[in-house]
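Step one of this worksheet: look at the structure below.
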Amino acid sequence: RSCLTKNNLPPSHKLSELFSFSGAVCIPIFLPLTVLFLIGLSRSPEASVLQWPPSLPSYNQLLDPLAPVLLLGWIALHILLYHLPLGKVSEGLVLRDGTRLKYPINGFHGLCVSAALLILLMWLGAPLGYLFELLLPLAACAIAVSFLLSIYLYIRSFWAPSHALALGGNTGNPLYDFFIGRELNPRIGNFDLKYFCELRPGLIGWVVINFGMLMKEVELRGSPSLAMILVNSFQLLYVADALWNEEAVLTTMDIVHDGFGFMLVFGDLAWVPFTYGLQAAFLVVHPQTVTWLKAVFILLLNGMGYYIFRKSNSQKNQFRRDPTHPSVAGLETIATATGKRLLVSGWWGFVRHPNYLGDLLMALAWSLPCGFSHLLPFFYVIYFTVLLVHREARDERQCKAKYGLAWDAYCHRVPYRIFPYIY
């Protein structure tokens, strides 16, 4: 397995992995414009990402008085659901001061309540398809909320004790610290702001927006297309899986290591819900015909990706929790000088990052229902491939430094990084 704690969840906000200090200045300007640009493209007849100069939406297209009401109401709903006594309460890893924080594991309950509310609204005849017209105003509001929350987090971090600061976010460079985040686990009482934003409003909002695109297609054409159903189903499965395994996020780099600043806030609240679901918005304006044979192929591809993703992550998590468990006790390992052991059989003997492989197969399956006439629906899989290849190279350097000869032996046993016999 990798020497780092890996995320079993969508890497929604690891935008900073592709940039450094200079990126901390450019990203807060460039990425919000990218979100608005991509949404505008998905709604245009041409949907060409290669057009120059790029066309950004007008100021009036970003305004709708309903948008801030819906967005703030949506966040308030999930704050309420966060505090309800649903599910269990788990402890995070030990912090630098020796304490453990407690976290409610009830994100999946929030998804179920959200689904019930959508069904109720549909039964009452609410125009859910209007979300298509609200995409740009909602994205603009999410970007504004991201900036406001990030400013609040930066200011309040100066009253946090030193042990509560993230090691990488306290550099003294105001722009970089604002971007990365100074405070590790900012809380208002027992309400953990980072943990809440990680999976709740943005991730569940993603599938709600997708459903709104499906309902818009029903308004326009009388019924949802097979392509739209596939996209909605695949991405709902991905989100449901993340929330069902919500407890796993407590051991990830996001919670354990990264401060809570603009990088994570924007990724959680704006980047994920408004760029990961571009396929559904694209299909509203650019309907595609998917044959049943093609649908079966896409289903098998997504199913294979999900199986690899879930099985490899489950195997890694079980090995981390209890190496003597019958499901992992028979796996071959390599001892390291740190006292830890590296898995060299099972899924982690197939390639070094089988979870990345599964993730990328699913990402491709989400785009295929949109056909090949436009590049825009493949934005996510292209972005994700660049991100994961870059992350994998970073992991290789860190694992080599940490494990030395043991890592060399592991790489000799498992030569392929993500794609077997290719890379």
Side-chain angles (χ1 to χ4, degrees), residues 1 4-14 74-95 100-118 184-210 233-258 260 264-265 267-269 271-273 276-277 305-322 355-356 358-359 362:
R1 64 186 177 91
L4 297 176
T5 302
K6 288 298 170 203
N7 199 339
N8 297 325
L9 310 161
S12 58
H13 30 253
K14 285 301 185 182
W74 176 253
I75 294 173
L77 168 66
H78 283 277
I79 291 175
L80 173 64
L81 295 175
Y82 177 100
H83 286 96
L84 291 181
L86 302 171
K88 64 179 181 179
V89 175
S90 293
E91 289 187 336
L93 298 183
V94 178
L95 301 175
R100 290 175 180 260
L101 297 176
K102 295 183 182 296
Y103 299 90
I105 309 299
N106 57 14
F108 190 79
H109 297 83
L111 176 65
C112 293
V113 171
S114 300
L117 289 174
L118 280 181
L184 184 63
N185 302 110
R187 289 190 162 206
I188 301 174
N190 291 324
F191 180 53
D192 192 293
L193 293 167
K194 180 166 68 171
Y195 176 69
F196 169 75
C197 290
E198 183 85 8
L199 294 178
R200 315 292 179 110
L203 206 65
I204 300 175
W206 168 17
V207 295
V208 170
I209 290 172
N210 277 357
S233 300
F234 293 162
Q235 296 182 356
L236 175 60
L237 171 64
Y238 195 65
V239 170
D241 177 87
L243 292 165
W244 182 260
N245 295 282
E246 183 181 22
E247 191 172 6
V249 79
L250 300 182
T251 62
T252 61
M253 297 285 285
D254 299 339
I255 298 295
V256 175
H257 179 268
D258 294 335
F260 194 41
L264 292 183
V265 175
D268 292 337
L269 301 183
W271 185 256
V272 167
Y276 282 22
Y306 176 75
Y307 182 80
I308 295 171
F309 172 80
R310 177 44 46 212
K311 285 292 185 179
S312 60
N313 274 322
S314 296
Q315 187 177 79
K316 173 194 63 181
N317 291 335
Q318 185 60 63
F319 182 76
R320 182 187 298 139
R321 288 194 303 266
D322 181 13
N355 50 346
Y356 290 3
D359 242 333
M362 286 189 286

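The figures that follow rest on heavy atoms only: side chains count, while hydrogens, waters and symmetry mates do not.
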Which heavy-atom pair separates [X] from [Y] by the least distance, and what is that distance?
X	Y	value
Ile255	Val249	CG1-O, 3.2 Å
Ser90	Glu247	OG-OE2, 2.8 Å
Pro273	Gly205	CB-C, 4.4 Å
Leu203	Ala242	CD2-CB, 3.9 Å
Leu264	Asp258	CD1-CB, 4.2 Å

[atom2] on [Y] to [atom1] on [X], rounded to 0.5 Å:
X	Y	atom1	atom2	result
Leu111	Leu199	CG	CG	11.0 Å
Leu236	Trp206	CG	CH2	10.0 Å
Ile308	Asp359	CD1	CG	11.0 Å
Phe309	Met362	CZ	CE	5.0 Å
Leu93	His257	CG	NE2	13.0 Å
Gln315	Asn355	CD	CG	11.0 Å

Hey, are the side chains of [X] and [Y] touching, using non-hydrogen atoms and a 4.5 Å cut-off?
X	Y	value
Leu95	Leu101	yes
Phe260	Asn185	no
Ile204	Leu243	yes
Tyr276	Asn210	no
Asn245	Asn313	no

[X]: partners by side-chain hydrogen bond (donor to acceptor under 3.5 Å, both in side chains), with sequence neighbours left out:
X	result
Asn106	Arg200
Ser233	none
Tyr103	none
Tyr306	Asp241

Quick check against the 3.5 Å criterion: does Tyr82 have a side-chain atom that pairs as donor or acceptor with the backbone of Pro104?
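Not a single qualifying donor-acceptor pair exists.
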Could you check whether any side-chain N or O of Lys88 sits under 3.5 Å from a backbone N or O of Ile105, counting only pairs where one atom can act as donor and the other as acceptor?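 It does not hold such a pair.
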Please enumerate all residues that pass side chain to side chain contact (heavy atoms under 4.5 Å, CB included) together with [X], with sequence neighbours excluded.
X	result
His83	Ile79, Phe191
Glu91	Arg100, Lys102
Pro201	Trp74, Ile75, Phe196, Leu269
Leu81	Leu77, His78, Leu84, Val113

Can you list the residues that meet the ring-ring contact (aromatic ring centres under 6.0 Å, His included) rule with Phe234, with sequence neighbours excluded?
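For Phe234 there are no ring-ring contact (aromatic ring centres under 6.0 Å, His included) partners, ignoring immediate neighbours.
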